[in-house]
S.K.: 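Here you go, one structure.
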Amino acid sequence: MQRQGPAPVTGSGVPPQPSAGDREVDERRAAAGQGTGEPPRPVARRFGRALRSPDTLNLVPLLAAAALWLWALPRIDFRDIAEFGLLDRFPLTFYAALAVLTCGFVLSLRRAGTAPLWPATYCAAMLVALKAPPAILYDTVRYAWASKHDAIISRLLDEGTVHPGRELSGGMSAYDQWPGFFSLDAALVRAFGVDAAASFINWAPVALGLLTVPVLILVYRTFSDDWRLVWTGVWIFQLANWVGQDYLSPQGFSYLLYLTVFAVVVRHFVLPGSAGPLRDRSTLDPAAAAVPPPTTTRQRAVAVLILLPVVATINASHQLTPIMLCATLFALCLTRRYRNIGLLVTSGLVMLAWNLTMGRELFLDTLGTLREKAGDLLGNSRPGFAGDPTGPGPELVGSANILMVLALGGLAVAAVLLRRKLVRSALPLALAAAAPLPMFAVNDYGGEMIFRVYLFGLPGSAFFAAAALVPAAGAVSRAAVTARRIAAVALPVTLVAMLAGFLPSYYGKEGMHYAPPGETALTRRAFDRAPEGALILAATGAFPDAYYRYDHYERWFFTEQEVDENLRMLKDPASYLAGGIPAGRPAYVILTRTQGEAVIGEGYLPEGGFDSLRGALKRSPLFQVVEENTYGVVLRYRPTTGG
C-alpha cells in the first residue's frame, strides 16, 4: 500500500473535512482493527469466540431444552391416558428436553464455584419441566387427595371455624384437629380473590419444590464448600423425590418447615468446644466445610424462641412430621456437637400439648393401635394396605420405585465407605437420614410409613449419593485422578438413569390422578342428588371429589380392605354391599373410570375385577342405575326389590 502524503492545507490553514462516504470507510476499518495498529479481527472470529464462551455454553442447552419442552407441551395426550400413565403420552421431544437439561446441568458444574447461578437455573428449569405439565394442561384437580384437601379448605371458608370435637365419617375429624395448613390455604384463597384452592392447587409441587431448594442449599453448604457437590445433591434430591407428597398437603407444607428447622439447627446450634479437629482444613475431606462457629447458651435460647412458632405450626398442620422432627433432634443429640436438649424438650412438649388438646381423639385412637402394630417391622414397612399392583403400568411403577431406592441407597453407602472424612464432618446429615428408620417398629401409618421414612431420610441420602459421584477436586494422587475420570462418565449416566426412574415413579399411575371434567361433574351430581345423611359407596376414595360436601354424607370405600375379603366380595357384590348398608339408610353407589384405574393400580382388585363388579351391580335388582355415561355409573340402592 502506497503511503499517503500529508493532508493538503487550504488557504485558511484548516485541513479539508472528510466526506460522509470517507467516514463510513474509516468506521469499517476501525471496526476491523485497521488503522489502529491492531491485527484484523473478522466478525466471524469474534462470533466464534462468543459461542465458545462459558456463558454461551451454559445458555445454549437451556434454550434448546426450553424450545423442545414448549413444542412438546401441547402435544401431551393427557386426555387419553392408558395403562402406562403419561409415559407413552409424552412425545419424544419431551424426553429430549429432559435429556438436554441433564447434559446442560453437568456442563454447568464445571464452573459451579464461580458461576453458581447456572446450576441453580438448571435445577429450577428441571423442576418446572418435570412437574409443571399437569398445572399447565389439566382442566381439573390432579390427584384425588388434592381434591379432598380442596373440599376441606372450601368447608373451612364456608363455616369460618373448625370443630375438633365433631365426629365425621372416614376419619375426616382429624383435619379439624390439625387445621393449621388448611387455615393458611383458606387465607390464600381470600388473598388471591379466587373461588377455591382448586384454581392454584396443581401448582403446589412446583411452588414447594422451588421453596425447598434454598433450604437444601443452606443445609448442604453447612457441610461442603464444593458447589459441585451441593448442586448435585439438590439435583438428585429432585429426581429422587418421587413419592408424591409435594402436592397441596399438610405433609408437603410441614416437610418444608421441618427442613427449615433442621437447617437452622445445623448452622446455629453448635456447642462451644465441640468441633475439635473439624475446623482444621488438613483433617477434613477436600470438599468438606469447617464446622460453623459455636453459639452461646443465650444465643441458642433465643434461637429456640425464634423456632418455636415454626415448631408450633408443624404441630398444628400434621400428625407425623412432629414425630420425625423429634426423632431427628434426638439423633443429633447423640453427637456432642449438637447436643441441645432444650430444643428437643421444647419440640416434644409442644407435640404432646397439641396431641392432648386439639388432636386428642386421633392421638388416643393411634395409641390403641400400638399393641397390634408395634414391633411388626415387615407389616409396617409394607407399601399400601392391600395387595400387589396388577397390570404392566403399575408393575413398572413398583419396579422403578425399588430400583430408585436401591440406586440412591447404594450410592449413599458407597460414599459413607469411601469418604469417611466427609462423613465425619457431615455426620448430622447421616444421623438425620437414619433417624426415621425406628418408625417401622411403631406403626404402618395406613400403609404409607415406608414412603414417609424414605422422604425424611432423602436429604441426607441425596447428599451422600452426590458425594459418591462428585470426587474431591484438587487431589493429585493416582487414585484421585482415576476417581475423577470415572466420575466424568458415571455422573451423567447416573443422573440420566435416575431421571428414567423418576418418570414412571411419578407419572406411571397418572390414570389414577387425572379425571376429565365430565367425571367430576358426574360425581357432583350424584352427591347433590343424594339426601342429607345418605351413605355413599365407592370402590375407593381415589377419585375426584370423593369428599365433596363430606360433612353431609357418610362414605364407604368398600374395596379398601384386605384382598381376601375383596375376593369374597366379588363372588356376589350386590349381596355383599347390601349387607353393609344400615336398614332405612338411603344409599348410592358411584363407580368411575378413575376408580377402575385405582383399584388395579393399588392392588385392591385383580385385573378385570372392577368391570365384573360394575356389571354385577347393574344386573342386580338390588340396585337401580340412576345415571350412566362414558365417565362412570351411579346406582341407587333399592332394598324393597331384594326379596
S.K.: Spell out, as yes or no, whether a donor-acceptor pair under 3.5 Å connects the side chain of Ser317 to the backbone of Pro250.
M.R.: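 No, Ser317 side chain to Pro250 backbone: no donor-acceptor pair under 3.5 Å.
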
S.K.: Report the distance from atom CG of Leu229 to atom CG of Leu422, rounding to the nearest 0.5 Å.
M.R.: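 Answer for the CG-CG pair, Leu229 versus Leu422, is 6.5 Å.
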
S.K.: Is Asn315 reaching over with its side chain to a backbone N or O of Val311, donor-acceptor style, under 3.5 angstrom?
M.R.: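 Yes, because the side chain of Asn315 sits within donor-acceptor range (under 3.5 Å) of the backbone of Val311.
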
S.K.: Begin with the C-alpha distance, continue with both residues' side-chain angles, and end with the deciding distance and a verdict on side chain to side chain donor-acceptor pair (under 3.5 Å) for Glu519 and Thr592.
M.R.: CA-CA 7 Å; Glu519 182 174 331; Thr592 65; 3.0 Å; yes

S.K.: Return yes when atom CZ of Arg75 has more than 12 non-hydrogen atoms of other residues, nucleotides or ligands closer than 6.0 Å, and no otherwise.
M.R.: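 Result for CZ/Arg75: enclosed.
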
S.K.: Taking atom CH2 of Trp227 as the centre, does the number of heavy atoms from other residues, nucleotides or ligands within less than 6.0 Å exceed 12?
M.R.: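 Result for CH2/Trp227: enclosed.
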
S.K.: Can you give me the closest heavy-atom contact between Gly85 and Asp88, atom names plus distance?
M.R.: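 Looking at all heavy atoms of both residues, the closest pair is O-OD1, 3.4 Å.
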
S.K.: Find out whether Ser425 and Phe223 are in side-chain contact, i.e. whether some heavy atom of one side chain is under 4.5 Å from a heavy atom of the other.
M.R.: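 Counting from C-beta outward, Ser425 and Phe223 never come under 4.5 Å.
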
S.K.: Suppose we call two aromatic rings close when their centres sit under 6.0 Å apart. Are Tyr247 and His149 close by that rule?
M.R.: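 Judged by ring-centre distance (under 6.0 Å), Tyr247 and His149 do meet the cut-off.
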
S.K.: Is it true that Lys131 and Asp246 make a salt bridge, defined as a side-chain N closer than 4.0 Å to a carboxylate O?
M.R.: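 Looking at Lys131 and Asp246, the cut-off is met.
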
S.K.: Determine whether Leu87 and Leu396 satisfy the following criterion, side-chain contact (heavy atoms from CB on, under 4.5 Å), listing intermediate values before the conclusion.
M.R.: CA-CA 11 Å; Leu87 297 181; Leu396 174 63; 3.8 Å; yes

S.K.: Considering residues, nucleotides and ligands other than Arg424, do more than 12 of their heavy atoms fall under 6.0 Å from its CZ?
M.R.: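 Open.
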
S.K.: From Leu109 CG over to Trp235 CH2, what is the distance, rounded to the nearest 0.5 angstrom?
M.R.: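 Reported to 0.5 Å precision, the distance equals 9.0 Å.
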
S.K.: With distance as the sole test, does Thr523 use its side chain to make a donor-acceptor pair with the main-chain N or O of Asp545 at under 3.5 Å?
M.R.: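 Side chain of Thr523 to backbone of Asp545: no pair is present.
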
S.K.: List the steps and the verdict of ring-ring contact (aromatic ring centres under 6.0 Å, His included) for Phe237 and Phe463.
M.R.: CA-CA 8 Å; Phe237 178 90; Phe463 177 84; over 10 Å; no

S.K.: Between OG1 of Thr260 and CD1 of Ile314, what distance do you get to the nearest 0.5 Å?
M.R.: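 Here the interatomic distance stands at 8.0 Å.
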
S.K.: Evaluate the side-chain contact (heavy atoms from CB on, under 4.5 Å) criterion for residues Leu429 and Val423: first the C-alpha distance (whole Å), next the side-chain angles of each, then the deciding distance (0.1 Å), finally the verdict.
M.R.: CA-CA 9 Å; Leu429 268 180; Val423 174; over 6 Å; no

S.K.: Could you go through Trp242 and Tyr454, starting from their C-alpha distance and side-chain angles, then the distance that decides it, and tell me whether this counts as ring-ring contact (aromatic ring centres under 6.0 Å, His included)?
M.R.: CA-CA 10 Å; Trp242 48 262; Tyr454 173 83; 5.2 Å; yes

S.K.: Would you find a donor on one side and an acceptor on the other, under 3.5 Å apart, between the side chain of Ser224 and the backbone of Arg221?
M.R.: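 Side chain of Ser224 to backbone of Arg221, a donor-acceptor pair under 3.5 Å: no, none is there.
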
S.K.: Using the side chain to side chain contact (heavy atoms under 4.5 Å, CB included) criterion, which residues pair with Val470? Sequence neighbours excluded.
M.R.: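 For Val470 the side chain to side chain contact (heavy atoms under 4.5 Å, CB included) partners, ignoring immediate neighbours, are Asp226, Arg228, Thr232.
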
S.K.: Side chains of Pro133 and Leu73, heavy atoms from C-beta outward: is any pair under 4.5 Å?
M.R.: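 With C-beta onward as the side chain, the pair touches.
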
S.K.: Grab the two heavy atoms, one from Leu332 and one from Pro428, that are nearest each other, plus how far apart they are.
M.R.: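 Reported closest heavy-atom pair: CD2-CB, 3.6 Å.
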
S.K.: Using side-chain contact (heavy atoms from CB on, under 4.5 Å), reason through Phe90 and Asp77 one step at a time and then give a plain yes or no.
M.R.: CA-CA 7 Å; Phe90 286 135; Asp77 189 12; over 6 Å; no

S.K.: Please report the C-alpha distance between Thr321 and Gln251 in whole Å, then the side-chain angles of each, then the deciding distance to 0.1 Å, and finally whether the side chain to side chain donor-acceptor pair (under 3.5 Å) criterion is met.
M.R.: CA-CA 7 Å; Thr321 305; Gln251 174 70 94; 3.2 Å; yes

S.K.: Side chains of Tyr255 and Phe456: does their closest heavy-atom pair fall under 4.5 Å?
M.R.: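 Side chain of Tyr255 against side chain of Phe456, heavy atoms only: contact under 4.5 Å found.
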
S.K.: Hey, does Arg111 have a side-chain heavy atom less than 4.5 Å from the side chain of Trp118?
M.R.: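 In short, these two side chains touch, coming nearer than 4.5 Å.
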
S.K.: Show the nearest heavy-atom pair for residues Val141 and Ala146, with the distance to one decimal.
M.R.: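 Reported closest heavy-atom pair: CG1-CB, 3.8 Å.
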
S.K.: Determine whether a donor-acceptor pair (N or O, by modelled atom type, separation under 3.5 Å) exists between the side chain of Arg267 and the backbone of Val219.
M.R.: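 The answer is no, because no donor-acceptor pair under 3.5 Å joins these two groups.
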
S.K.: Of all the heavy-atom pairs spanning Leu325 and Ser347, show the shortest one and how long it is.
M.R.: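 Smallest heavy-atom distance, with atoms named: CD2-OG, 4.4 Å.
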
S.K.: Check whether Arg419 reaches the backbone of Ala467 with its side chain - one donor and one acceptor, N or O, closer than 3.5 Å.
M.R.: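 Yes, the answer is positive, given that a donor and an acceptor are paired below the 3.5 Å cut-off.
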
S.K.: Are any of the side-chain heavy atoms of Pro492 and Thr102 separated by less than 4.5 Å?
M.R.: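 They are not in contact (no side-chain heavy atoms under 4.5 Å apart), so the answer is no.
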
S.K.: If you round to the nearest 0.5 Å, how far is CG of Leu156 from CG of Asp185?
M.R.: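 The CG atom of Asp185 sits 9.5 Å away from the CG atom of Leu156.
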
S.K.: Would you say that more than 12 heavy atoms from the other residues, nucleotides or ligands in this model lie under 6.0 Å from the CG of Leu417, or not?
M.R.: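 More than 12 heavy atoms, drawn from other residues, nucleotides or ligands, come within 6.0 Å of this atom.
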
S.K.: Measuring from atom CH2 of Trp145 to atom CD of Gln245, what distance do you get when rounded to the nearest 0.5 angstrom?
M.R.: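 That separation rounds to 9.5 Å.
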
S.K.: Say you draw a straight line from CG of Leu259 to CG of Leu218; how long is it, rounded to the nearest 0.5 Å?
M.R.: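 Reported to 0.5 Å precision, the distance equals 11.0 Å.
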
S.K.: If you compare all heavy atoms of Ala468 against all heavy atoms of Ala415, which two are closest, and at what distance to 0.1 Å?
M.R.: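 Answer, listing the atom of Ala468 first, then Ala415: N-CB, 3.8 Å.
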
S.K.: Any idea which heavy atoms bring Ala432 and Thr328 closest together, and the distance?
M.R.: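 Reported closest heavy-atom pair: CB-CG2, 4.0 Å.
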
S.K.: Per the side chain to side chain donor-acceptor pair (under 3.5 Å) rule, what does the pair list look like for residues 460-473, sequence neighbours excluded?
M.R.: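 Matches after skipping sequence neighbours: none remain.
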
S.K.: Show your reasoning for whether ring-ring contact (aromatic ring centres under 6.0 Å, His included) applies to Tyr338 and Phe269.
M.R.: CA-CA 6 Å; Tyr338 292 102; Phe269 275 69; 8.4 Å; no

S.K.: Can any side-chain N or O of Tyr122 pair as donor or acceptor with the backbone N or O of Leu62 at less than 3.5 Å?
M.R.: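 Yes, the answer is positive, given that a donor and an acceptor are paired below the 3.5 Å cut-off.
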
S.K.: Determine whether His318 and Trp178 make a side-chain contact, defined as any pair of heavy atoms from C-beta on separated by less than 4.5 Å.
M.R.: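 Not touching, per the 4.5 Å side-chain cut-off.
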
S.K.: Taking the side chain from Ser147 and the backbone from Tyr143, do they hold a donor-acceptor pair closer than 3.5 Å?
M.R.: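 Not a single qualifying donor-acceptor pair exists.
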
S.K.: Can you run down the side chain to side chain donor-acceptor pair (under 3.5 Å) pairs that involve residues 501-517, sequence neighbours left out, and say none if there aren't any?
M.R.: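 Qualifying pairs: Tyr138-Glu510, Asp139-Tyr514, Arg142-Glu510, Asn401-Ser505.
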
S.K.: Could you tell me whether the side chain of Pro544 reaches within less than 4.5 Å of the side chain of Thr594, counting heavy atoms only?
M.R.: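 In short, these two side chains touch, coming nearer than 4.5 Å.
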
S.K.: Is the side chain of Tyr220 donor-acceptor paired with the backbone N or O of Pro459 at a distance under 3.5 Å, no angle test?
M.R.: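 Yes; judged by distance alone, with no hydrogens or angles, the pair exists.
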
S.K.: Would you say that Cys123 contacts Trp231 through its side chain, given a criterion of any heavy-atom pair below 4.5 Å between the two side chains?
M.R.: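 Yes, close enough: below the 4.5 Å cut-off.
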
S.K.: Let's go through Glu597 and Glu83 carefully: what are the C-alpha distance in whole Å and the side-chain angles of both, what is the deciding distance for side-chain contact (heavy atoms from CB on, under 4.5 Å) to 0.1 Å, and is it a yes or a no?
M.R.: CA-CA 8 Å; Glu597 296 283 345; Glu83 57 190 8; 5.9 Å; no

